[in-house]
Amino acid sequence: MLDKIQQLLNEVNSLTAASADDVEALRIRYLSKKGEVNQLMADFRTVPAEMKKEIGMRINELKTRATERIAELRDAVATKETAADDVDLTRTPYPIALGTRHPLTIVRNEIVDIFSRLGFTLAEGPEVEDDWHVYSSMNFADDHPARDMQDTFFVEAHPDIILRSHTSSVQARTMERQQPPIRVICPGRVYRNEAISARAHCFFHQVEGLYVDRDVSFKDLKQVLLLFAQEMFGKDTRIRLRPSYFPFTEPSAEMDISCNICGGTGCSFCKHTGWVEILGCGMVDPAVLEANGIDSSVYRGYAFGMGVERITNLKYQVKDLRMFSENDVRFLEEFTAAH
């Protein structure tokens with residue numbers, strides 16, 4: 001095997017290439033999964049124990065040299081091709097291909113636009129927050145079990161400073177500096193300590209809404225959400241509200257829409273129920289109003305929150321959440337006509 005390694009090393013040192021295609025062919029020959037170096041590694045298991053250390057070092061030296069040589073050839077070919085490119089400086093500039101908005105941006109803007117037409121104004125806040133605005137002001141007691149619902153990223157040197165796990169912190173900041181009437185929509189990126197998979201990510205995007213005024217009712221909330229669902233998914237969309245629990249609203253509900261894939265008849269996407277959950281909502285708990293300086297005996301309010309990725313999945317049937325953050329141009333180009 002030592003002779004084979006030396007032979008390949010000699011070949012690698014004498015490699016030449018005239019084009020980028022030649023360089024790629026060399027990379028495949030020597031460094032791909034079925035290349036010469038990987039074949040040596042596959043044969044390594046048959047090497048006697050007393051020779052494993054020496055042969056292992058030689059194989060690593062070969063792989064390092066092959067990687068370096070192919071990189072050198074790639075740079076040389078690129079320099080040569082650039083130098084040989086005859087550019088006519090008097091001609092009209094080459095057309096620049098226009099990009100497209102990210103699908104999450106497209107959907108976020110559409111959500112904000114719908115609620116803007118319903119009278120909501122845009123509100124934003126910091127992603128690095130303190131515990132008060134993220135939790136305590138939202139009726140999470142220090143030992144409240146609801147804190148376990150959201151796995152939080154803490155700043156190690158400052159345990160009171162965290163990455164916000166929901167955009168409710170923007171609602172808190174709005175209420176503490178403004179007296180009702182308040183009608184805001186709060187989009188933003190949030191962070192939770194979750195394993196990354198096709199269905200979950202450690203960061204994602206939310207849009208939350210808050211309306212506080214005199215004589216606000218659950219009926220108002222339901223009507224606004226119905227109008228939103230029909231604007232976003234079509235006039236035939238139906239909604240249903242199911243009782244739920246959130247520390248900052250009482251009563252609380254989760255909202256489903258009739259499946260926009262099968263029209264509510266039942267399919268694999270909606271698990272044959274005809275319904276798909278899209279958001280949580282409820283009447284603002286009086287304790288939240290009081291904590292943020294609003295008199296709960298005079299004012300009432302409702303709040304809702306939805307995941308932008310969830311809405312985007314429903315509109316475009318994107319199966320894997322990771323595609324939203326991998327910046328694959330082929331994926332992004334699919335949305336050129338969407339905006």
Side-chain angles (χ1 to χ4, degrees), residues 104-140 150 163-191 204-232 241 246-255 278-296 298-311:
L104 294 180
T105 302
I106 296 170
V107 172
R108 171 197 177 276
N109 290 347
E110 187 173 355
I111 295 172
V112 171
D113 178 67
I114 292 171
F115 283 106
S116 295
R117 287 186 271 120
L118 293 173
F120 289 79
T121 58
L122 187 66
E124 296 181 314
E127 296 180 10
V128 180
E129 264 288 8
D130 55 63
D131 180 88
W132 167 259
H133 289 98
V134 176
Y135 290 127
S136 298
S137 67
M138 288 290 115
N139 204 32
F140 288 80
Q150 304 182 30
L163 298 183
R164 66 183 182 189
S165 56
H166 51 195
T167 52
S168 301
S169 56
V170 183
Q171 299 179 30
R173 289 186 174 274
T174 301
M175 286 188 285
E176 70 182 11
R177 69 171 180 263
Q178 176 183 339
Q179 283 295 302
I182 297 171
R183 192 186 304 222
V184 293
I185 192 79
C186 313
R189 179 179 290 184
V190 298
Y191 305 84
F204 54 99
H205 301 79
Q206 282 187 335
V207 175
E208 296 194 21
L210 172 70
Y211 178 38
V212 181
D213 204 347
R214 300 174 187 269
D215 302 320
V216 177
S217 69
F218 200 94
K219 179 174 64 176
D220 300 325
L221 169 62
K222 181 178 179 181
Q223 186 61 38
V224 163
L225 295 180
L226 175 61
L227 289 172
F228 162 72
Q230 292 181 340
E231 285 288 312
M232 178 63 70
L241 296 171
F246 304 108
F248 32 82
T249 53
E250 180 59 38
S252 303
E254 291 181 347
M255 189 181 93
I278 66 166
L279 59 83
C281 61
M283 300 300 295
V284 179
D285 193 301
V288 173
L289 296 176
E290 295 290 343
N292 289 281
I294 295 176
D295 188 347
S296 62
V298 177
Y299 298 104
R300 301 184 65 193
Y302 64 68
F304 56 85
M306 66 192 78
V308 179
E309 281 84 349
R310 179 66 168 168
I311 305 297

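Treat the numbers as computed from the prediction; the structure is a model and nothing was measured.
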Nearest-0.5 Å distance, CG of residue Leu227 to CZ of residue Phe115:
9.5 Å
Donor-acceptor pair, side chain of Ser165 and main chain of Val190, under 3.5 angstrom:
no
Donor on one side chain, acceptor on other, Asp113 and Ser116, under 3.5 Å:
no
In short, side-chain hydrogen bond (donor to acceptor under 3.5 Å, both in side chains) pairs touching residues 222-232 with sequence neighbours left out are Arg117-Glu231, Glu231-Lys235
Can Val288 and Met138 be said to form a side chain to side chain contact (heavy atoms under 4.5 Å, CB included), step by step?
CA-CA 5 Å; Val288 173; Met138 288 290 115; 3.8 Å; yes
Evaluate side chain to side chain contact (heavy atoms under 4.5 Å, CB included) for Ile185 paired with Phe304, printing each intermediate quantity in order.
CA-CA 9 Å; Ile185 192 79; Phe304 56 85; 3.9 Å; yes
Roughly how far apart are Tyr211 OH and Arg300 CZ, rounded to 0.5 Å?
12.0 Å
Going by heavy atoms in the side chains, are His166 and Val134 under 4.5 Å from each other?
yes
Give the minimum heavy-atom separation between Ala123 and Pro187, together with the two atoms involved.
O-CD, 3.7 Å
Set out, in order, the CA-CA distance, both residues' side-chain angles and the distance that settles side chain to side chain contact (heavy atoms under 4.5 Å, CB included) for Met232 and Met306, then state yes or no.
CA-CA 13 Å; Met232 178 63 70; Met306 66 192 78; over 6 Å; no
If you look at every heavy atom in Pro180 and Ile294, which pair is closest and at what distance?
CG-CG2, 3.9 Å
Under 30°, 30 to 60°, or over 60°: which ring-plane class applies to Phe248 and Phe140, parallel, tilted or perpendicular?
tilted
Residues Thr249, Asp285; criterion side chain to side chain contact (heavy atoms under 4.5 Å, CB included); working and verdict:
CA-CA 5 Å; Thr249 53; Asp285 193 301; 5.8 Å; no
Using atom types as modelled and distance alone, determine if a side-chain donor or acceptor of Ser137 lies under 3.5 Å from a backbone N or O of Trp132.
yes
Minimum heavy-atom separation for Arg164 to Ser169, with atom names?
CD-OG, 3.9 Å
Heavy-atom pair of closest approach, residues Leu241 and Ala253
CB-CB, 4.2 Å
Can you give me the closest heavy-atom contact between Gln171 and Gly209, atom names plus distance?
NE2-O, 3.9 Å
So do the side chains of Ile182 and Tyr299 get within less than 4.5 Å of each other, counting heavy atoms only?
no
I need the Met175 CE to Leu289 CG distance, nearest 0.5 Å.
6.5 Å
Checking the side chain of His133 only, and the main-chain atoms of Val170 only, is there a donor and an acceptor separated by less than 3.5 Å?
no
Arg183 and Gly119: which non-hydrogen atoms are nearest, and at how many Å?
CD-O, 3.2 Å
Please report the interatomic distance CG(Asn139) to CD(Glu290), rounded to the nearest 0.5 Å.
11.5 Å
Output yes when a side-chain donor or acceptor of Gln206 lies under 3.5 Å from a complementary backbone atom of Gly188, and no otherwise.
no
Sort and list the pairs that fulfil salt bridge (charged side-chain N to carboxylate O under 4.0 Å, His left out) and have at least one residue in residues 207-219, not counting sequence neighbours.
none
What about Phe120 and Phe228, are their ring centers closer than 6.0 Å?
no
Here the gap from Asn109 atom CG to Leu104 atom CG, rounded to the nearest 0.5 Å, amounts to 10.5 Å
CD1 of Ile111 to CZ of Arg108: how many Å apart, nearest 0.5 Å?
9.5 Å
